[in-house]
Amino acid sequence: MEPDKNTLIYTIIGTIPIGSVASYGQVAALAGYPQNARLVGRLLKEMPNDSTIPWHRVVNSLGKISFAVGSDKYQQQRQKLLLEGVTFKNEKVNMREHQWL
DNA sequence: TTCTTGACGCGCA
DNA sequence: ATGCGCGCCAAGA
């Protein structure tokens, strides 16, 4: 396997503090891949379920969860964020208060 | 090997 | 605010 990008990305996501969120694009940029937000999404999708990384703190640039509203995954992520004190406004995170960086 | 997909993002109308 | 097109690029069919 090629742990390079993966490890770096996972590490970065791991540094997102509780109560805040980052966009796929931001994480990608920090990892040195500006322009490739999809890379982040793909890795998260293929990440092992037993991993402890806070994947739920990653949302799209609009502050919305990248899953169909009402879907199982959507509910899960929303719930995790709510538990950390993240507030929403019409299915969108209040970026003004929770945006990382 | 080519074509389609997709946990994205940005510029423009 | 909303929709559309295009760029990105690895995985799957």
Side-chain angles (χ1 to χ4, degrees):
Chain A
M1 302 181 110
E2 56 282 36
D4 294 328
K5 312 178 195 173
N6 315 46
T7 307
L8 178 56
I9 305 274
Y10 292 148
T11 300
I12 293 175
I13 294 178
T15 62
I16 302 175
I18 298 179
S20 28
V21 300
S23 72
Y24 295 86
Q26 267 172 28
V27 175
L30 288 176
Y33 303 94
Q35 242 61 70
N36 193 11
R38 284 182 185 283
L39 169 66
V40 177
R42 193 174 336 114
L43 285 182
L44 288 181
K45 179 179 187 178
E46 300 170 2
M47 122 183 21
N49 299 305
D50 51 312
S51 86
T52 61
I53 59 185
W55 58 272
H56 55 281
R57 293 177 197 158
V58 185
V59 296
N60 68 27
S61 68
L62 296 178
K64 294 204 307 180
I65 290 175
S66 298
F67 289 111
V69 180
S71 68
D72 201 58
K73 292 294 194 67
Y74 180 91
Q75 296 288 355
Q76 283 192 84
Q77 184 166 8
R78 179 168 117 303
Q79 182 58 17
K80 282 178 169 288
L81 289 174
L82 287 174
L83 289 175
E84 296 186 345
V86 175
T87 58
F88 289 74
K89 169 66 184 296
N90 293 337
E91 308 307 310
K92 309 175 213 61
V93 173
N94 287 319
M95 299 305 274
R96 261 311 169 36
E97 310 170 18
H98 307 294
Q99 187 171 55
W100 186 42
L101 303 183

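Order of the sequence lines sets the chain letters (A, B, ...), proteins ahead of strands, with each chain counted from 1. Scope of the values below: all heavy atoms of this structure, side chains included, with no hydrogens, waters or symmetry mates.
- A straight line from OH of Tyr33(A) to P of dG9(B) spans 18 Å, rounded to a whole angstrom.
- The NZ atom of Lys64(A) sits 14 Å away from the C1' atom of dG9(B) (whole-angstrom rounding).
- Within the 4.5 Å cutoff, the side chain of Asp72(A) has no heavy atoms near those of the Phe67(A) side chain.
- With a 6.0 Å radius and a threshold of 12 heavy atoms from other residues, nucleotides or ligands, Lys89(A) has its NZ atom at or below the threshold.
- One interatomic measurement links the two molecules: CG of Leu62(A) to P of dC10(B), which rounds to 9 Å at whole-angstrom precision.
- The CD1 atom of Ile65(A) sits 11 Å away from the C1' atom of dA7(B) (whole-angstrom rounding).
- At a threshold of 4.5 Å between side-chain heavy atoms, the hydrophobic network of Ile, Leu, Val, Met, Phe, Trp and Tyr places Leu82(A) and Met95(A) in one connected group.
- Panel note: side chain His98(A), backbone Thr87(A); a donor-acceptor pair is recorded below 3.5 Å.
- Linking Ile, Leu, Val, Met, Phe, Trp and Tyr whenever their side-chain heavy atoms come within less than 4.5 Å leaves Val86(A) and Leu62(A) in two separate clusters.
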Every protein N/O lying under 3.5 Å from an N/O of nucleotides 6-10 of chain C:
residue : atom : partner  : partner atom : Å
dC8(C)  : O2   : Arg38(A) : NE           : 3.4
dA10(C) : O4'  : Arg42(A) : NH1          : 2.8
dA10(C) : O4'  : Arg42(A) : NH2          : 3.4

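- DNA chain C lies under 4.0 Å from no heavy atom of any residue of residues 79-101 of chain A.
- Atom CH2 of Trp55(A) is separated from atom P of dA7(B) by 13 Å (rounded to the nearest Å).
- A straight line from CD1 of Ile9(A) to P of dA7(B) spans 17 Å, rounded to a whole angstrom.
- Surrounding CD of Gln35(A) are at most 12 heavy atoms belonging to other residues, nucleotides or ligands under 6.0 Å away.
- Across all strands shown, dG12(C) forms a Watson-Crick or G-U wobble pair with dC3(B), both key distances being under 3.5 Å.
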